[in-house]
**Q** 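Structure provided below as structure tokens; questions to follow.
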There are 2 protein chains.
Amino acid sequence: MTLSDKQLELIEEFGVYQENNGFQPAVARVMGILLVSDKPELTFEEISETLNISKSATSNALNMLLNTGHIEYTKFHGDRKRYFRIKSSNWRDTFNKKMEDLGELNNILKRVLEVRKRDNPVYDEKLLYFISFLDYLKGQLPNLIEQWEKQNLNQNA
Amino acid sequence: MTLSDKQLELIEEFGVYQENNGFQPAVARVMGILLVSDKPELTFEEISETLNISKSATSNALNMLLNTGHIEYTKFHGDRKRYFRIKSSNWRDTFNKKMEDLGELNNILKRVLEVRKRDNPVYDEKLLYFISFLDYLKGQLPNLIEQWEKQNLNQNA
DNA sequence: ATTTTGGTTCTGTAAATTATGAACTAACGA
DNA sequence: TCGTTAGTTCATAATTTACAGAACCAAAAT
């Protein structure tokens with residue numbers, strides 16, 4: 001399998017992005033190739049050879065992504081190979097993870113306010129505002145999603 | 001300076017959180033101690049000794065945080081020490097960074113759609129939805145912030 | 001039953017990260 | 001101006017990460 005320069009570039013860019021999200025380089029590249037390749041499903045061999053990563057690294061990456069629910073595979077009759085593809089639900093999960101992450105930060109910050117004893121309330125004020133904003137955002141998010149779905153429906157009607 | 005068990009625990013937890021955001025362990029702990037300590041301003045020595053990290057690590061961490069605008073310091077007359085505190089603007093920046101990060105993802109995904117040539121449009125559909133959602137979110141965010149500020153004002157009136 | 005092949009596992013290691021400690025510097029106070 | 005000390009820099013040590021290569025395994029094809 002061959003990829004265009006633009007595809008290779010995008011794999012790299014997406015790879016770096018996912019590295020910043022805590023994925024190993026090779027794992028991030030595997031996600032990348034499944035995302036940008038013309039064929040939506042690729043075999044172990046195609047991934048390993050096209051990305052130029054060893055069989056062991058490929059095996060580890062694919063199993064890791066399978067275990068974390070980022071990819072899945074199908075098999076075809078009379079063919080021992082597995083055909084891997086990224087799960088499409090994956091995108092909403094990515095977004096949810098970011099939001100949960102902010103929720104975790106918010107929980108920590110709330111406990112900070114409980115634990116530290118500062119004389120000057122000015123130091124608490126900014127923090128309180130931020131906490132309140134995160135709470136507000138969290139509360140409004142379902143609304144927002146609903147609104148978007150409604151609008152999206154109208155567009156496609 | 002001494003910290004309560006709860007404070008130490010929070011420093012650790014906040015530290016891990018910030019490590020996941022790409023900060024070095026020691027840097028993350030320094031941010032943590034400035035966040036949870038009873039005194040809002042701490043000296044080099046207090047930070048180094050309380051966190052039990054070497055002077056060099058402390059120096060690197062503080063300078064890194066100064067350069068990236070996460071902390072600042074003041075000096076007092078007749079005292080050679082600097083007194084470090086976290087910048088309060090820091091919180092909004094944290095949030096903005098998360099949103100910009102989603103924007104970057106969105107840009108990559110848009111280019112993915114341009115570059116890959118898939119026969120079956122079903123594979124594009126989910127991706128298109130997600131892109132459209134991120135665009136919608138980005139557009140609505142200013143609104144949301146405005147609404148929150150309005151509500152917040154009423155609360156404090 | 002044997003071979004082929006799709007994939008796994010184990011071991012070694014290169015490279016990057018992160019911190020330490022000691023030597024050093026510079027500025028301030030006395 | 002001299003000593004003290006707050007802070008920096010540098011070499012290096014300790015870990016961790018991430019991958020390759022080879023040996024290995026199991027199921028399917030022949």
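Residue numbers begin at 1 in each chain, while the letters A, B, ... track the order of the sequences. Quick caveat, the model's predicted, so the values are computed rather than measured.
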**Q** When you check the gap from the basic side-chain N to the acidic O, do A:D93 and A:K98 get nearer than 4.0 Å?
**A** no
**Q** Please say whether the positively charged group of B:R92, taken as NZ for Lys or CZ for Arg, lies over the ring of A:F133, i.e. under 6.0 angstrom from the six-membered ring centre and within 45 degrees of the axis.
**A** yes
**Q** Could you tell me whether A:E114 and B:K6 have a side-chain N and a carboxylate O separated by less than 4.0 Å?
**A** no
**Q** Using salt bridge (Lys or Arg N to Asp or Glu O under 4.0 Å), reason through A:E45 and A:K55 one step at a time and then give a plain yes or no.
**A** CA-CA 8 Å; A:E45 205 187 3; A:K55 290 214 296 176; over 6 Å; no
**Q** Check every strand shown and say whether A:I53 touches a base, only sugar-phosphate, or nothing at a heavy-atom separation below 4.0 Å.
**A** sugar-phosphate
**Q** Compute whether any side-chain donor of one residue and acceptor of the other, for A:D101 and B:Y17, lie under 3.5 angstrom apart.
**A** yes
**Q** Which sits closer to the 5' end of DNA chain D, A:N52 or B:R82, going by the nucleotide each is nearest to?
**A** B:R82
**Q** With sugar-phosphate meaning primed atoms plus P, OP1 and OP2, does B:A26 contact a base, only sugar-phosphate, or nothing at under 4.0 Å between heavy atoms?
**A** sugar-phosphate
**Q** Which nucleotide span of DNA chain C, 5' end to 3' end, has atoms closer than 4.0 Å to non-hydrogen atoms of chain A?
**A** C:dT4 to C:dC10
**Q** Using a side-chain heavy atom cutoff under 4.5 Å and only I, L, V, M, F, W and Y, what cluster partners does A:Y123 have?
**A** none
**Q** Can you pull the contact range of chain A along DNA chain D, 5' to 3', using atoms under 4.0 angstrom from its heavy atoms?
**A** D:dA18 to D:dA29
**Q** Name the residue closer to the 5' end of DNA chain C, choosing between B:K55 and B:F23 according to the nucleotide with the nearest heavy atom.
**A** B:F23
**Q** If you find the nucleotide of DNA chain C closest to A:S56 and the one closest to B:V27, which residue's nucleotide is nearer the 5' end?
**A** A:S56
**Q** Before we go on, tell me: are the rings of B:F44 and B:F84 under 6.0 Å apart, centre to centre?
**A** no
**Q** Which comes earlier along DNA chain D counting from the 5' end, the contact point of A:R80 or that of A:A57, where each point is its nearest nucleotide?
**A** A:A57
**Q** Please find the pair of heavy atoms, one from B:R29 and one from B:V16, that lie closest to each other, and give the distance.
**A** NH1-N, 4.2 Å
